[in-house]
Amino acid sequence: MAEISYSKEDLLCPQCTEIYYLPVLLKCGHNICRVCLQKFWEWKGCRECPVCRTVSVPGRPPINLSLKLAAEDYQVHKTDGNQDFCSAHHEKLKIFCHNDQEPICLVCQTSKRHRVHDCCPVEEAAEQKKKEISAMLESLRKKLRTLNMTKVDWEDTKEYIQSQAHQTEEAIKETFEKLHRFLQEEENSRIKVLKQEKDVKTQVMAKKLENIKVQIESLSSTISDIETYLRAKDLPFLQDYKEMNKRAKCMIQEPECIRDILITSSKHLGLLGFGIWKKMAKIVTCVPITLDPNTAHSNLTFSKELTSVQYSSKQILPNNPERCTSRVCVLGATGFTSGKHSWTVEVGQGKDWYIGVAQESVQRKSTVFLNPTEGFWVIGRCNGDSFEAQTSPRTKLVLKQKPVKITIQLDYDKGKVVFINAADSTTIYTFKNRFTERVFPYLSPGLKENVKSSTPLTICPQTVTVDVE
């Protein structure tokens with residue numbers, strides 16, 4: 001049987017003027033798409049030919065197989081490599097299905113799969129989806145800014161760890177130089193521990209920085225791709241919408257809050273002389289508490305063994321979670337959750353200071369009041385003459401003589417903080433409260449207009465003797 005040759009005009013449906021899709025042959029000899037014929041009959045209410053109005057016989061008109069094959073062959077050649085056409089029906093992609101989130105043709109829309117789906121023209125869908133992706137892009141840019149800022153902070157922290165380790169090492173060396181040469185082994189041992197901590201914490205920061213760099217590169221790449229994607233035409237844009245929508249929704253966690261990453265200077269410098277003395281079996285001085293510079297405000301400086309604190313010019317320090325920035329203060333290196341503890345603070349002739357205890361959860365970055373409600377049990381000297389217990393409201397203290405040294409007695413189990421004038425053992429003030437968490441010694445040399453006028457607060461040493469049996 002000879003193959004029938006069709007021109008493009010022969011392949012056009014007289015009803016929809018598109019290339020035939022499942023053409024059927026009517027009794028009158030005219031061909032028409034089966035879907036077009038069904039719609040026409042439903043609209044007309046009778047079974048007549050849309051072209052010549054001849055009434056067809058009952059029954060389903062047969063498919064014109066040769067015309068169907070010719071139309072399909074034409075569509076294959078027409079749509080070969082053209083993404084603007086439906087691969088299943090070779091029809092132009094004019095509709096966007098919101099349920100499946102993909103462009104479809106008019107035939108797809110009438111199919112069982114998409115019949116009840118939410119669909120709209122591709123132009124309308126493209127405008128809507130571009131707005132969605134643009135909103136996601138702004139969120140990604142915000143995350144990128146946060147990551148970049150955190151990266152800078154972490155790089156500064158890494159450098160500070162190196163500097164802090166160097167300063168601590170120098171302090172350790174200076175302390176050992178004051179002792180005998182035969183203690184060189186002890187010095188080397190302590191420096192080794194410090195270097196190990198430095199190496200470990202530096203490696204931790206290096207790994208975290210590497211991770212955040214990877215996140216930044218990945219997010220930057222995603223943003224760049226999305227920006228390019230948003231400039232694409234509607235159909236390519238919608239065809240890649242699923243993938244880009246998935247990438248735009250990438251979940252990048254907020255940078256973690258790195259705690260306890262700084263060098264624990266208090267471990268290396270606190271009670272350093274006392275530790276050496278124990279090995280030398282001689283009488284030395286020691287203090288019951290040492291201060292933790294990692295909690296200190298940037299306007300505070302310390303003695304080498306972290307027993308004295310003084311107001312000074314501002315330093316550039318990491319804003320680590322432990323650091324107090326809302327008040328010019330520092331906490332002790334050791335906290336208490338039980339038992340009785342006592343230490344004496346030399347306040348000297350200072351005219352503005354606060355001493356006492358504070359619970360671990362006090363707000364360190366925002367302004368708070370120094371009272372028990374906020375987690376502080378503190379007394380202080382204000383404006384040179386007024387001594388006050390920081391209650392709510394404050395309690396003015398009437399003293400026979402201005403104290404130079406004040407002993408703080410903490411009884412955690414009974415919930416008492418007693419302040420005693422060390423000169424005559426008279427009680428200055430007593431707080432009574434119930435402690436529910438760890439508490440730390442609290443010292444604040446106050447805010448000074450002139451650094452030269454600052455007076456240090458010093459933890460007084462205790463005399464310790466050892467009986468050898």
Item to check | Residues which pass salt bridge (charged side-chain N to carboxylate O under 4.0 Å, His left out) with Lys92, listed by chain and number, not counting sequence neighbours | outcome: none
Item to check | Distance-minimising heavy-atom pair for Leu443 and Leu291 | outcome: CD1-CD2, 4.1 Å
Item to check | Trace of the side-chain contact (heavy atoms from CB on, under 4.5 Å) decision for Lys94 with Gln109 | outcome: CA-CA 10 Å; Lys94 296 182 177 181; Gln109 186 183 14; over 6 Å; no
Item to check | Salt-bridge present (Lys304, Glu174; N to O < 4.0 Å) | outcome: yes
Item to check | Check against side-chain contact (heavy atoms from CB on, under 4.5 Å), Arg438 and Gln359 | outcome: CA-CA 6 Å; Arg438 189 183 302 273; Gln359 63 186 19; over 6 Å; no
Next on the checklist: Does either side chain, that of Tyr160 or that of Glu155, offer a donor lying less than 3.5 Å from an acceptor on the other one?
Outcome noted: no
Next on the checklist: Does any part of the side chain of Arg434, heavy atoms only, come nearer than 4.5 Å to the side chain of Lys414, both counted from C-beta?
Outcome noted: no
Item to check | Side chains of Phe96 and Glu123 in contact at under 4.5 Å (non-hydrogen atoms) | outcome: no
Next on the checklist: Could you report the tightest heavy-atom contact between Tyr21 and Val107, atom names first, then the distance?
Outcome noted: CE2-CG1, 3.8 Å
Checklist entry - How about Asn320 and Arg323: does a side-chain donor come under 3.5 Å of a side-chain acceptor? => result yes
Checklist entry - Does any non-hydrogen side-chain atom of Ile379 lie less than 4.5 Å from one of Ile428? => result yes
Checklist entry - Is there a side-chain contact (heavy atoms from CB on, under 4.5 Å) between Lys340 and Gln409 once you walk through the steps? => result CA-CA 7 Å; Lys340 296 179 179 180; Gln409 294 181 346; over 6 Å; no
Checklist entry - Is the CD atom of Glu437 crowded by more than 12 outside heavy atoms at less than 6.0 Å? => result yes
Checklist entry - Within a strict 4.5 Å, meaning less than it, do heavy atoms of the Ile212 and Lys208 side chains meet? => result no
Item to check | Minimum heavy-atom distance Ile261-Ile161, with the two atoms named | outcome: O-CD1, 3.7 Å
Checklist entry - Is the shortest distance from a Lys or Arg side-chain nitrogen in Lys396 or Glu388 to a carboxylate oxygen in the other one below 4.0 Å? => result no
Item to check | Greater than 12 external heavy atoms within 6.0 Å of His166's NE2 | outcome: no
Checklist entry - Below 4.0 angstrom, N of the basic side chain to O of the carboxylate: do Glu227 and Arg141 qualify? => result yes
Checklist entry - Is it true that Tyr412 and Phe336 have ring centroids separated by less than 6.0 Å? => result no
Checklist entry - Do any N or O atoms from the side chain of Ser266 and from the backbone of Gly270 form a donor-acceptor pair under 3.5 angstrom? => result no
Checklist entry - How far apart are the closest heavy atoms of Gly375 and Trp377, and which atoms are they? => result O-CZ3, 3.3 Å
Checklist entry - Is the charged tip of Lys130 near the ring of Phe237: under 6.0 Å from the six-membered ring centre and within 45° of its axis? => result yes
Checklist entry - In terms of side-chain geometry, is the basic nitrogen of Lys207 or Glu210 positioned less than 4.0 Å from the acidic oxygen of its partner? => result no
Checklist entry - Within a strict 4.5 Å, meaning less than it, do heavy atoms of the Lys416 and Leu410 side chains meet? => result no
Checklist entry - How far apart are the C-alpha atoms of Phe431 and Thr391, what are their side-chain angles, what is the distance that settles it, and do they pass the side-chain contact (heavy atoms from CB on, under 4.5 Å) test? => result CA-CA 9 Å; Phe431 284 96; Thr391 54; 3.7 Å; yes
Checklist entry - Between the side chains of Glu197 and His268, does any donor sit under 3.5 Å from an acceptor? => result yes
Checklist entry - Looking at residues at least two apart in the chain, or sitting in another chain, which of them share a side chain to side chain donor-acceptor pair (under 3.5 Å) with Asn319? => result Lys365
Checklist entry - Do you see a donor-acceptor pair shorter than 3.5 Å between the side chains of Ser308 and Thr458? => result yes
Checklist entry - So do Ser326 and Arg364 actually touch side chain to side chain, heavy atoms under 4.5 Å? => result no
Checklist entry - When you look at Arg113 and Asp100, which way does the salt bridge (Lys or Arg N to Asp or Glu O under 4.0 Å) test go after all the steps? => result CA-CA 10 Å; Arg113 176 183 173 187; Asp100 293 336; 3.3 Å; yes
Checklist entry - Is Gln101 atom CD crowded by more than 12 heavy atoms from other residues, nucleotides or ligands, each under 6.0 Å away? => result yes
Item to check | Distance-only polar pair, side chains of Gln164 and Asn294, donor-acceptor under 3.5 Å | outcome: yes
Next on the checklist: How close do Pro372 and Asn433 get, counting heavy atoms only, and between which atoms?
Outcome noted: CB-OD1, 4.2 Å
Next on the checklist: Glu138 vs Lys143, test: salt bridge (Lys or Arg N to Asp or Glu O under 4.0 Å). Steps then yes/no.
Outcome noted: CA-CA 9 Å; Glu138 183 56 35; Lys143 288 182 179 180; over 6 Å; no
Next on the checklist: What's the separation between atom CG in Leu230 and atom OG in Ser134, rounded to the nearest 0.5 Å?
Outcome noted: 5.0 Å
Next on the checklist: Quick check: do Glu305 and Leu269 have side-chain heavy atoms less than 4.5 Å from each other?
Outcome noted: no
Item to check | Heavy-atom side-chain contact between Arg381 and Asp352 under 4.5 Å | outcome: no
Next on the checklist: Check this for me: Lys198, atom NZ, are more than 12 non-hydrogen atoms of other residues, nucleotides or ligands nearer than 6.0 Å?
Outcome noted: yes
Checklist entry - Do you know the tightest heavy-atom contact between Leu93 and Val122? => result O-CG1, 3.9 Å
Checklist entry - Do other residues, nucleotides or ligands put more than 12 heavy atoms under 6.0 Å from the NZ atom of Lys405? => result no
Item to check | Identified side chain to side chain contact (heavy atoms under 4.5 Å, CB included) counterpart of Tyr442 within the set Val378, Ile355, Ile408 | outcome: Val378
Checklist entry - Quick one: does Ser221's side chain have a donor or acceptor within less than 3.5 Å of a partner on Glu217's backbone? => result no
